[in-house]
Asker: 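Structure below; questions to follow.
All values below were derived from every heavy atom in this structure, side-chain atoms included, with hydrogens, water molecules and symmetry-related copies excluded. Note that this is a predicted model, so its numbers are computed, not measured.
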Amino acid sequence: MTENRQREVAAEPVPEDAPRESLGIPNNISDEDAFRILWELKMKKRQKRPSLPDTVTEFTTEEGSKVYIVGTAHFSDSSKQDVVKTIQEVQPDVVVVELCQYRVSMLKMDEETLLKEAKEINLEKLHQAIKQNGVMSGLMQILLLKVSAHITEQLGMAPGGEFREAFKEASKVPFCKFHLGDRPIPVTFKRAIAALSIWQKMKLAWGLCSLSDPISEDDVEKCKQKDLLEQMMAEMIGEFPDLHRTIVSERDIYLAYMLKQAARPTELPRASETEPRKSIPSVVVGVVGMGHVPGIERNWDRELNIQEIMSIPPPSTLSKAVAFAAKLTFFGLLGYSCYCISKRTVRIILSVPATQYCLRRLNQMGH
């Protein structure tokens, strides 16, 4: 039930109604014939022995479908080029990216807006994160956004460029669908927080808050071979095995599951409803951070069930108490601030001569 519902949310077909003239298809033929011509064009473009970048890992399913996973660095121009080349070479039926429905907006935003958004961590984002994930998970998400914002500011490059390139290239391939393959971020953060003790949460938060080291030109170059964001996160969470399990290992399982789901046989276009249905093995391109590729490979031949890693453990009594204390502190400070402001405002109003005159008149009337 969970898998099916998530797959429906994740699947987002790319428009297939490109102008016929641009594809060399006459306007005076039927839709059925146009579909058939488009399919044939796609098959001609699809390379039987594609020339692929070194960052691509190839997998095969039991049905014979091919899955090409592009391991990317989230802040690398070379990763964008790898994604474009792979999609153009294999002409996939499905493209799967390491995003969930809560982060899909980055696909349609321009680079300048994303760069500005990634650098700015404000109260509105904090409120949205807490509303979406709860107090503890929301605060953790903001701290992780701070890490991303730090890298963004240092490199002058917005994250997720490879996903936007994948989206654009997929839209150029006839009958290609676009899937969101990552586990919803609220689930990941809630499971991550539940896996940590209070002391570990405080220690991790301090580590994230104190991140301010500059990124050198050498680090920028390393981005072309390594995923700097995931590397920094791996170093930071290395001493918390449970956190690594929830943020990395469980998502490896989820991504592998979604890639295998996307690789189910593709149904061929039919000229009419009476024509029998025919299916062939699919071709899928996955675009994920290179840190996830080894985990996907480890889980590829396993029987995967994502029910367990989609569940959210109930908060412990201590976690409830901490969350209540945090809320109480917040509202207490808010109330005290309002009291101080109102008290000061009353004093200012009472000090105004006109107010003092009115009060004296009222006092005289009373006597």
Side-chain angles (χ1 to χ4, degrees), residues 3-4 6-8 10-14 16 32 35-72 82-99 162 166-167 169-183 251-273 275-290 292-306:
E3 295 97 323
N4 291 336
Q6 176 59 24
R7 181 167 173 76
E8 287 169 10
E12 184 181 333
V14 172
E16 299 164 3
E32 291 81 4
F35 276 13
R36 189 174 284 112
I37 291 171
L38 279 173
W39 183 261
E40 289 172 359
L41 284 172
K42 177 175 177 173
M43 291 300 103
K44 283 180 182 178
K45 286 185 178 181
R46 180 177 287 174
Q47 302 295 318
K48 291 182 179 178
R49 294 182 180 178
S51 174
L52 299 173
D54 295 335
T55 53
V56 176
T57 305
E58 183 180 337
F59 296 91
T60 305
T61 67
E62 293 177 356
E63 297 92 350
S65 296
K66 295 285 186 183
V67 179
Y68 300 94
I69 298 180
V70 189
T72 68
D82 290 350
V83 169
V84 171
K85 181 174 176 58
T86 303
I87 292 175
Q88 289 177 350
E89 285 280 311
V90 306
Q91 294 290 296
D93 304 303
V94 185
V95 171
V96 182
V97 295
E98 184 201 330
L99 288 175
E162 72 274 32
F167 186 72
E169 285 301 314
S171 67
K172 300 174 186 177
V173 179
F175 309 106
C176 182
K177 294 181 180 179
F178 195 85
H179 286 200
L180 307 175
D182 202 1
R183 183 171 65 178
R251 287 173 60 223
D252 291 344
I253 295 170
Y254 192 92
L255 286 164
Y257 177 85
M258 294 302 287
L259 285 161
K260 290 172 81 171
Q261 291 292 304
R264 289 174 175 175
T266 296
E267 187 177 306
L268 294 173
R270 295 183 295 158
S272 67
E273 291 296 324
E275 187 176 328
R277 296 177 183 274
K278 295 179 183 177
S279 297
I280 61 170
S282 295
V283 173
V284 176
V285 170
V287 182
V288 304
M290 59 179 63
H292 288 292
V293 177
I296 292 171
E297 194 166 4
R298 280 193 301 271
N299 288 287
W300 190 256
D301 294 321
R302 296 178 183 173
E303 193 69 32
L304 301 176
N305 186 340
I306 62 170

Asker: Looking only at heavy atoms, which two atoms of A166 and V287 are closest? And how far apart?
Answerer: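 Distance-wise, the nearest heavy atoms are CB-CG2, 4.0 Å.
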Asker: Start with the C-alpha distance between V83 and E169, add both sets of side-chain angles, then the distance that settles side chain to side chain contact (heavy atoms under 4.5 Å, CB included), and finish with yes or no.
Answerer: CA-CA 9 Å; V83 169; E169 285 301 314; 5.8 Å; no
Asker: Does any part of the side chain of Q47, heavy atoms only, come nearer than 4.5 Å to the side chain of L52, both counted from C-beta?
Answerer: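 Not in contact.
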Asker: Are the side chains of K172 and I87 in contact, using a 4.5 Å heavy-atom criterion?
Answerer: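 I87 does not reach K172 side chain to side chain.
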Asker: Minimum heavy-atom separation for N299 and A256, please, with both atom names.
Answerer: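 Closest approach of N299 to A256: CB-CB, 4.2 Å.
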Asker: Distance from R183 atom CZ to M258 atom CE, nearest 0.5 Å?
Answerer: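 The CE atom of M258 is 12.5 Å from CZ of R183, to the nearest 0.5 Å.
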Asker: How long is the span from the CG atom in L304 to the CD1 atom in I253, to the nearest 0.5 Å?
Answerer: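 So the CG of L304 and the CD1 of I253 are separated by 7.0 Å.
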Asker: Could you tell me which non-hydrogen atom of V95 sits nearest to which non-hydrogen atom of C176, and how far apart they are?
Answerer: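 Between these two residues, the closest heavy atoms are CG2-SG, 3.9 Å.
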Asker: Going through the checks in order, is the side chain to side chain contact (heavy atoms under 4.5 Å, CB included) test met by I69 and V288?
Answerer: CA-CA 7 Å; I69 298 180; V288 304; 3.7 Å; yes
Asker: Using every non-hydrogen atom in the two residues, find where P265 and S282 come nearest and quote the distance to one decimal.
Answerer: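 P265 and S282 have their closest heavy atoms at C-OG, 3.5 Å.
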Asker: Are the side chains of W300 and T61 in touch, meaning some heavy atoms are under 4.5 Å apart?
Answerer: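 Answer yes - side chains close enough.
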Asker: Out of curiosity, E62 CD to D301 CG, how far, rounded to the nearest 0.5 Å?
Answerer: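 Going from the CD atom of E62 to the CG atom of D301 covers 8.5 Å.
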Asker: Could you tell me which non-hydrogen atom of V284 sits nearest to which non-hydrogen atom of A262, and how far apart they are?
Answerer: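 Answer, listing the atom of V284 first, then A262: CG2-O, 3.6 Å.
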Asker: Under the rule for side-chain hydrogen bond (donor to acceptor under 3.5 Å, both in side chains), what residues qualify as partners of K85, not counting sequence neighbours?
Answerer: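 In terms of side-chain hydrogen bond (donor to acceptor under 3.5 Å, both in side chains), with neighbours along the sequence ignored, K85 is linked to no residue.
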Asker: Taking it one step at a time, do V285 and V70 satisfy side chain to side chain contact (heavy atoms under 4.5 Å, CB included)?
Answerer: CA-CA 7 Å; V285 170; V70 189; 4.1 Å; yes
Asker: Quick one, Y68 and V283 - any side-chain contact, counting heavy atoms below 4.5 Å?
Answerer: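 Yes; the side chains approach each other to less than 4.5 Å.
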Asker: Do K66 and V90 have side chains that approach each other closer than 4.5 Å (heavy atoms only, starting at C-beta)?
Answerer: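 The answer is no; the side chains never approach within 4.5 Å.
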Asker: Distance from R251 atom CZ to I296 atom CD1, nearest 0.5 Å?
Answerer: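 One gets 10.0 Å once the value is rounded to the nearest 0.5 Å.
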Asker: For the atom pair CD (E267) and CG (D93), what is the distance rounded to the nearest 0.5 Å?
Answerer: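 If I round to the nearest 0.5 Å, the distance is 12.0 Å.
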Asker: Which distance, rounded to the nearest 0.5 Å, do you find between the CD of E162 and the CD of E98?
Answerer: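 That separation rounds to 8.0 Å.
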Asker: Let me see the working for V97 and L180 under side chain to side chain contact (heavy atoms under 4.5 Å, CB included), right down to the final yes or no.
Answerer: CA-CA 5 Å; V97 295; L180 307 175; 4.1 Å; yes
Asker: State which residue, out of L259, V94, T60, fulfils the side-chain contact (heavy atoms from CB on, under 4.5 Å) condition with V67.
Answerer: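 Single pass found, and it is L259.
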Asker: I need the minimum non-hydrogen distance between F167 and F178, along with the two atoms involved.
Answerer: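 Taking every non-hydrogen atom into account, CA-CE1, 3.4 Å.
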Asker: E63 and S65: side-chain donor and acceptor closer than 3.5 Å?
Answerer: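 No pair is found: no donor N or O on one side chain lies under 3.5 Å from an acceptor on the other.
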Asker: Is the backbone of P92 close enough, under 3.5 Å, to the side chain of K42 for a donor and an acceptor to pair up by distance?
Answerer: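 Checked: pair present.
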